[in-house]
Amino acid sequence: MTKINQVAVVVPAAGVGRRMQSAVPKQYLQLGHQTVLQWTLAAVTQDPRVAHVYVALHPDDPYFSELECQISVPMTGLHGGATRAASVAAGVAKAHADGFAWVAVHDAARPCLSAGELTEVLDVALSDDVGAILALPVADTLKRATPEDRIAGTVAREQLWQALTPQVFPSEALLAGFAQLGVEHPALTDEASVFEALGQAPKLVVGRRTNLKITLPGDEALAQLILMQSHQQA
Ligand SMILES: Nc1ccn([C@@H]2O[C@H](COP(=O)(O)OP(=O)(O)OP(=O)(O)O)[C@@H](O)[C@H]2O)c(=O)n1
Ligand SMILES: C[C@](O)(CO)[C@H](O)COP(=O)(O)O
């Protein structure tokens with residue numbers, strides 16, 4: 001039975017974190033008293049419309065079963081895939097099978113998601129014909145580089161945004177898009193790109209610069225500062 005006005009969150013957490021060069025996959029790095037993934041799981045359950053969390057894991061993940069995850073809704077671990085899109089598709093398929101008409105996809109590597117961002121992107125998406133994503137208008141001048149790391153030119157930044165997550169879409173439409181385009185499609189680096197490829201235009205919702213994706217060495221220290229600051233104020 002379809003769950004009305006309830007959202008399933010899909011957390012792709014099956015990456016190996018090559019760019020991070022860390023001893024453990026970045027989603028299991030310790031930030032203060034808990035791991036990146038534990039912070040993220042707490043962050044995505046800050047809205048009462050979130051009714052279930054699906055976590056896509058690397059098949060050889062030895063860490064998740066050891067994690068203490070005290071979240072307020074049921075959580076299902078499942079095997080992700082060779083690409084982020086494959087991992088997302090696996091989670092969305094399970095959520096859809098369980099009756100969730102809407103999914104919010106949020107990177108495990110983004111632990112600093114605020115309650116306000118989550119509520120705002122859900123508000124907009126659930127009342128939109130296509131769906132919505134958190135994003136940030138580009139604030140810096142953008143340069144295109146030559147292979148020798150020299151400036152080849154400046155990219156006009158009017159109407160340029162950088163995509164964040166959560167990205168919130170109807171589960172059936174997202175699954176159909178993945179099936180049509182293929183989860184190995186190199187252009188599918190986020191869920192919105194599925195709808196763009198099908199000629200649709202998801203809504204952009206302004207997020208916060210603190211909602212960073214831990215990607216490169218040093219990002220984890222910044223994320224920890226943000227989390228310690230935001231939870232001291234709580
Ligand atoms: N096959 C994959 C690849 C990535 N992800 C997840 O997608 C999110 C964003 O991907 P990214 O930052 O690229 O993570 P990694 O792929 O782990 O990083 P890298 O590209 O540096 O290896 C992460 O939470 C990651 O765990 C996933 O679930 N399945
Ligand atoms: C989904 C995403 O976080 C939006 O910016 C981004 O596309 C993920 O890219 P990655 O290379 O898989 O980290």
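Counting from 1, the numbers follow the sequence of the chain as shown. It should be emphasised that the depicted structure is a prediction, and the values quoted were computed from it without experimental measurement.
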Task: Backbone of Gly81 reached by a side-chain donor or acceptor of Ser87 within 3.5 Å - done: yes
TODO: Quick one: closest heavy-atom pair of Val138 and Asp140, and the distance?
DONE: CG1-O, 3.3 Å
TODO: Please tell me if the side chains of Leu29 and Val24 come closer than 4.5 Å, counting only heavy atoms from C-beta onward.
DONE: yes
Task: Val168 side chain reached by Leu122 side chain, heavy atoms, under 4.5 Å - done: yes
TODO: Over all heavy atoms of both residues, which pair between Asp107 and Pro12 is shortest? Give the atoms and the distance, please.
DONE: OD1-CG, 4.0 Å
TODO: Please confirm whether the backbone N or O of Ala13 pairs with a side-chain atom of Gln27, one donor and one acceptor, at under 3.5 Å?
DONE: yes
Task: Heavy-atom check, side chain of Phe100 versus side chain of Val92, under 4.5 Å - done: no
Task: Check: Gln30 side chain, His33 main-chain N or O, donor-acceptor pair, under 3.5 Å - done: yes
Task: Donor-acceptor under 3.5 Å (Thr119 side chain, Gly116 main chain) - done: no
TODO: State the CD-NZ distance between Gln162 and Lys213, to the nearest 0.5 angstrom.
DONE: 10.5 Å
Open item on the list: Tell me whether the count of non-hydrogen atoms from other residues, nucleotides or ligands lying under 6.0 Å of CZ in Arg49 goes above 12.
Closed with: yes
Task: From CA spacing to verdict: side-chain contact (heavy atoms from CB on, under 4.5 Å), Val88, Phe178 - done: CA-CA 10 Å; Val88 170; Phe178 277 137; 3.9 Å; yes
TODO: Verify side-chain contact (heavy atoms from CB on, under 4.5 Å) between Asp47 and Val7, making sure each step is shown before the conclusion.
DONE: CA-CA 10 Å; Asp47 185 287; Val7 174; over 6 Å; no
TODO: Calculate, to the nearest 0.5 Å, the distance between atoms OG and CG belonging to Ser22 and Leu216 respectively.
DONE: 11.0 Å
- [ ] Would you name the heavy atoms of Leu227 and Ser230 that are closest together and state the gap between them?
- [x] O-OG, 3.1 Å
Open item on the list: Around atom CD of Glu172, are there more than 12 heavy atoms from other residues, nucleotides or ligands closer than 6.0 Å?
Closed with: no
TODO: Please report the shortest heavy-atom distance between Gly80 and Ala14, naming the atom on each side.
DONE: CA-CB, 4.1 Å
Task: Connected via hydrophobic side-chain network under 4.5 Å: Leu164 and Leu142 - done: no
- [ ] Could you tell me whether the side chain of Gln167 and the main chain of Ala192 form a donor-acceptor pair under 3.5 Å?
- [x] yes
Open item on the list: Assess the residue pair Arg84 and Thr189 against the criterion (side-chain contact (heavy atoms from CB on, under 4.5 Å)); give the C-alpha distance rounded to whole Å, side-chain angles, the decisive distance to 0.1 Å, and a yes or no.
Closed with: CA-CA 7 Å; Arg84 180 184 177 282; Thr189 56; over 6 Å; no
TODO: Answer with yes or no whether the hydrophobic clustering places Ile226 together with Val44; edges join I, L, V, M, F, W, Y residues whose side-chain heavy atoms lie under 4.5 Å apart.
DONE: no
Open item on the list: I'd like to know if the side chain of Gln46 reaches the main chain of Ala43, judged simply by a donor and an acceptor atom lying under 3.5 Å from each other, with no hydrogens or angles considered.
Closed with: yes
- [ ] Please check if the side chain of Gln224 supplies one atom and the backbone of Gly32 the other of a donor-acceptor pair under 3.5 Å.
- [x] yes
Task: CG on Asp219 to CZ on Arg19, rounded to 0.5 Å - done: 9.5 Å
Open item on the list: Could you report the tightest heavy-atom contact between Gly177 and Val194, atom names first, then the distance?
Closed with: CA-CG1, 3.5 Å
Open item on the list: Do Leu134 and Leu113 have side chains that approach each other closer than 4.5 Å (heavy atoms only, starting at C-beta)?
Closed with: yes
Open item on the list: Under 4.5 Å between side-chain heavy atoms, counting indirect links through other Ile/Leu/Val/Met/Phe/Trp/Tyr residues: same cluster for Leu212 and Leu204 or not?
Closed with: no
Open item on the list: Count I, L, V, M, F, W, Y as connected when their side-chain heavy atoms are under 4.5 Å apart, and connections chain through other members. Are Leu198 and Leu188 then in the same cluster?
Closed with: yes
Open item on the list: Quick check for you: to the nearest 0.5 Å, what is the distance between Asp61 atom CG and His79 atom NE2?
Closed with: 8.5 Å
TODO: Could you state whether Met228 and Leu225 fall into the same hydrophobic cluster, counting links through intermediate Ile, Leu, Val, Met, Phe, Trp or Tyr residues with side-chain heavy atoms under 4.5 angstrom apart?
DONE: no
Open item on the list: Quick one about His106 and Thr40 (side-chain donor to acceptor, distance below 3.5 Å, no hydrogens or angles considered), yes or no?
Closed with: no
Open item on the list: So, taking the atom named CD1 in Ile133 and the one named CH2 in Trp161, what distance separates them when rounded to the nearest 0.5 Å?
Closed with: 9.0 Å
Open item on the list: Between Trp102 and Ser171, is there a side-chain heavy-atom distance shorter than 4.5 Å?
Closed with: no
- [ ] Please lay out, stage by stage, how Val130 and Lys203 fare under the test side-chain contact (heavy atoms from CB on, under 4.5 Å).
- [x] CA-CA 8 Å; Val130 179; Lys203 187 74 178 160; over 6 Å; no
Open item on the list: Could you check whether any side-chain N or O of Asn211 sits under 3.5 Å from a backbone N or O of Thr165, counting only pairs where one atom can act as donor and the other as acceptor?
Closed with: yes
Open item on the list: Just so I know, are the side chains of Ile214 and Pro111 near enough to count as touching, which here means a heavy-atom distance under 4.5 Å?
Closed with: yes
- [ ] Might you point out which heavy atoms bring Ala163 and Asp190 nearest each other, and give the distance in Å?
- [x] CB-OD2, 3.7 Å
TODO: Look at the rings of Trp39 and His231 and say which category their plane angle falls in: under 30° parallel, 30 to 60° tilted, over 60° perpendicular.
DONE: perpendicular
Would you give me the side-chain donor-acceptor pairs under 3.5 Å for residues 67-75, sequence neighbours excluded?
none

Open item on the list: To the nearest 0.5 Å, what is the distance between CG on Leu160 and CG on Leu136?
Closed with: 12.5 Å
TODO: Give a yes or no answer on whether the side chain of Gln21 reaches the backbone of Pro217 with a donor-acceptor pair at less than 3.5 Å.
DONE: no
Open item on the list: Just so I know, are the side chains of Val11 and Leu37 near enough to count as touching, which here means a heavy-atom distance under 4.5 Å?
Closed with: yes
Open item on the list: So Val36 and Lys26, do their side chains get closer than 4.5 Å, heavy atoms only?
Closed with: no
Open item on the list: Within a 6.0 Å radius of atom CZ on Arg209, are there more than 12 heavy atoms belonging to other residues, nucleotides or ligands?
Closed with: no
